[in-house]
There are 2 protein chains.
Amino acid sequence: MDSIPTRSLHAISSSCDRCSLSSLCLPLAVGTGDMSLLNAAVKRETPYDRGSAVFTQDATFESCYVVKSGAVKTVRISERGDEKILGFYLPGEMFGLDGLTGERYTSSAIALERSAVCEIPFHRLEELSRELPHLQHYLFRLMSQEISGAEQLGMLLSNNTAEERIISMFLTLSSRQARRKLSATRFRLPMARGEIANFLGLALETVSRVLSRMQKQQQIRLDGRDIELLDLDALQRQLRQNPDFCVATG
Amino acid sequence: MDSIPTRSLHAISSSCDRCSLSSLCLPLAVGTGDMSLLNAAVKRETPYDRGSAVFTQDATFESCYVVKSGAVKTVRISERGDEKILGFYLPGEMFGLDGLTGERYTSSAIALERSAVCEIPFHRLEELSRELPHLQHYLFRLMSQEISGAEQLGMLLSNNTAEERIISMFLTLSSRQARRKLSATRFRLPMARGEIANFLGLALETVSRVLSRMQKQQQIRLDGRDIELLDLDALQRQLRQNPDFCVATG
DNA sequence: CGTGGACTTGATCAGCGTCAACCCTCGTGG
DNA sequence: CCACGAGGGTTGACGCTGATCAAGTCCACG
């Protein structure tokens, strides 16, 4: 349906203080007085087409990035050669922070659709951090969040059924929508079924089957990649409740 | 057999520059001139008994920690109430870095055996970081490593068989032994079978079975928690090689 | 109109979780 | 000194969830 309006692409060359994402992004951590410092550090590039790489695994680490519009996935190629999706990043979210180890990116970042990103050279961020304590603290927090997030994924992948994993992913996407002041119940999935499957450690067919079942059970409404979560609370309850307890009443 | 000698407990009150782990730990990032600054920030406490908590989930975040002797696991309680082990930490390794988000620890840290740890109040680390650029960079790297590590666990849990997970875990432990200049092929597992299982997203029985099989196939020698890896290269090859390729020659 | 990519649906099969029995070791107390 | 129980570990039988293989549908696109 409505694709990304080309108009938004022009906005790329704007400054941080005029950016619509400023309430989600680094400006949060910087007082208005210091905004020009931050602004000077940010490089704004031409948008990336679907499938093109913002950075690639094993390239020397230079910058971290923030999604400005569109969506990005990070993938790592394992020793066996197969590709594993580690995360999806939506507007206002920073990625590339895992690259610092060993001075090389440990994953590739690929645009899921035509996407604009802001690039921030990390050494500039480090310098700024020394001058702006709030920024330093914010960066530590961001990285800490990435750790928690990756751990959360690990938990999801270890002892959860296919349905639980998918619900959990949808709820995460939902709350990230809400964070951007968008609908928490209706949105468009930026990734293909196969990418959902890969991310959740499932087979593509399993994802498809679970989605069909959830649709039949009136938990969601699906139309291609457009999704509607029909009862957020019910979904949340389903994650919380120990399946063992279901039998007791029956 | 030989438990931790009580002698080592006295060494706790020593300073960073005299610590045997200084080549693995924060002193790495600090010049000898600034060592006293770091040293003043570190609190050294009485050791923790097996099963006792260094910090607990949801407590307010204050400090990060380094294992001085013994071993520590971090665990998170899920919404469903079950416990998931997120990582094991050996001497020289820092933990508690995931706590920064939201000002609360997102996991608990439990001693696997009688363990000594160094505590470093995080706000002190932040202050020091501003004065010592190397330390700041080192901290960013450490956190970045934690992200990579957690992602690596995620990869392991998504598309790998029980045997691959276990081999991978042993190889990781092996290389961490080597980092400490200890034997890469013979060591003692600080965790129980059930803890290995939990960490790897398997059932306890599956771990036990795989270990027995590996022992029969002369890949490892086991005696309780003492383990010997009989052919590191072979184990590594087993992870790398795509199982599909094995059939081709048969 | 044909082709390829994304997705769905069905049938089959195996890896691993679950349940259960059993063993060993160690610490406690009679 | 031995009996006992608890905790940790091993092994076996069985069934289920989800992977795999395969066929088929529905677009969007040239």
Side-chain angles (χ1 to χ4, degrees), chain A residues 1-3 49-51 73 80 82 84-85 112-114 156-169 188-217 220-227 242-244 246-247, chain B residues 1-3 49-51 73 80 82 84-85 110 112-113 156-167 188-217 220-227 242-244 246-247:
Chain A
M1 4 190 100
D2 41 13
S3 58
D49 280 326
R50 166 173 173 72
K73 67 175 173 182
R80 273 223 301 276
D82 37 34
K84 162 76 184 164
I85 297 176
L112 289 173
E113 53 193 58
R114 193 172 175 76
L156 197 62
L157 295 178
S158 44
N159 277 314
N160 291 89
T161 65
E163 184 160 325
E164 288 165 340
R165 297 183 201 192
I166 289 173
I167 292 177
S168 177
M169 175 176 178
R188 187 174 174 75
L189 300 169
M191 69 293 281
R193 301 285 190 273
E195 290 169 324
I196 296 176
N198 182 312
F199 177 65
L200 296 177
L202 300 169
L204 188 158
E205 296 91 326
T206 304
V207 171
S208 185
R209 263 185 267 272
V210 170
L211 291 184
S212 299
R213 178 151 36 95
M214 289 177 70
Q215 175 140 258
K216 264 196 209 94
Q217 296 174 351
I220 58 174
R221 265 190 346 105
L222 263 181
D223 174 20
R225 294 192 184 176
D226 290 315
I227 187 170
N242 190 323
D244 297 349
C246 301
V247 195
Chain B
M1 4 189 99
D2 40 14
S3 58
D49 280 326
R50 166 172 174 73
K73 66 176 173 183
R80 272 224 301 275
D82 37 34
K84 161 77 181 163
I85 297 176
I110 313 284
L112 290 173
E113 53 194 58
L156 196 62
L157 295 179
S158 44
N159 277 311
N160 291 89
T161 64
E163 183 159 328
E164 287 166 339
R165 297 184 201 192
I166 288 173
I167 292 177
R188 187 173 175 76
L189 300 169
M191 70 292 281
R193 299 287 189 274
E195 290 170 322
I196 297 177
N198 182 311
F199 177 64
L200 295 176
L202 299 170
L204 188 157
E205 296 92 326
T206 304
V207 171
S208 186
R209 265 185 267 272
V210 170
L211 292 183
S212 299
R213 178 150 37 93
M214 288 178 71
Q215 174 139 260
K216 265 197 207 92
Q217 296 174 351
I220 58 174
R221 263 190 347 102
L222 263 182
D223 175 19
R225 295 191 183 177
D226 290 314
I227 187 169
N242 190 322
D244 297 349
C246 302
V247 194

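A note on names: the letters A, B, ... follow the listed sequences, proteins ahead of strands, and every chain is numbered from 1.
The interatomic distance linking A:Leu222 (CG) with C:dT9 (P) rounds to 11 Å, in whole Å. Residue A:Asn160 contributes atom CG, which lies 15 Å from atom P of D:dT17 at whole-angstrom precision. Rounded to a whole Å, the CD atom of B:Glu163 is 9 Å from the P atom of C:dC16. Counting to the nearest Å, the P atom of D:dG8 and the CZ atom of B:Arg188 are 14 Å from each other. Across the protein-nucleic acid pair, B:Asp223 atom CG and D:dT10 atom C1' stand 15 Å apart, rounded to whole Å. Look at CD1 on A:Ile227: it is 13 Å from P on C:dC7, rounded to the nearest Å. Atom-to-atom, CZ of A:Arg213 to C1' of C:dT8 comes out at 14 Å; the value is rounded to the nearest Å. Between B:Asp82 atom CG and C:dT18 atom C1' the separation is 16 Å, expressed in whole Å.
When each of A:Thr161, A:Thr206, A:Val210 is tested with A:Ile166 by the rule side-chain contact (heavy atoms from CB on, under 4.5 Å), just one qualifies, namely A:Val210.
Contact check of residues 190-199 of chain B against DNA chain C (heavy atom, cut-off under 4.0 Å) returns no residues at all. Interface residues of residues 202-209 of chain B facing DNA chain C, ordered by number: B:Leu202, B:Ala203, B:Glu205, B:Thr206, B:Arg209; criterion, heavy-atom separation under 4.0 Å.
Between B:Ile167 and B:Met214, the closest side-chain pair of non-hydrogen atoms falls below 4.5 Å. Residues B:Ile85 and B:Met191 have side chains not in contact (no heavy-atom distance under 4.5 Å, counting atoms from C-beta outward). Under the 4.5 Å side-chain criterion, counting only non-hydrogen atoms from C-beta, A:Ile196 is in contact with A:Leu189.
Taking all atoms of both residues into account, the shortest heavy-atom contact from A:Lys84 to A:Gly201 is NZ-N, 4.1 Å. Scanning all heavy atoms of the two residues, the minimum distance from A:Ser158 to B:Leu157 falls at CB-CD1, 4.0 Å. Looking at every heavy atom in both residues, B:Glu164 comes nearest to A:Arg80 through OE2-NH1, 2.9 Å. Nearest heavy atom pair, residue A:Arg165 against residue A:Leu200, reads NH1-O, 2.8 Å.
As judged by a 4.0 angstrom heavy-atom cut-off over every strand, A:Arg165 is placed among residues making no nucleic acid contact.
Side-chain atoms of A:Arg50 lie closest to C:dA6 of the nucleotides D:dG18, C:dA6, D:dG8.
Using a 4.0 Å cut-off between charged nitrogen and carboxylate oxygen, B:Arg188 and B:Glu113 do not count as a salt-bridge pair.
Under 4.0 angstrom from either OP1 or OP2 of D:dG9 there lies at least one side-chain N or O belonging to B:Arg225.
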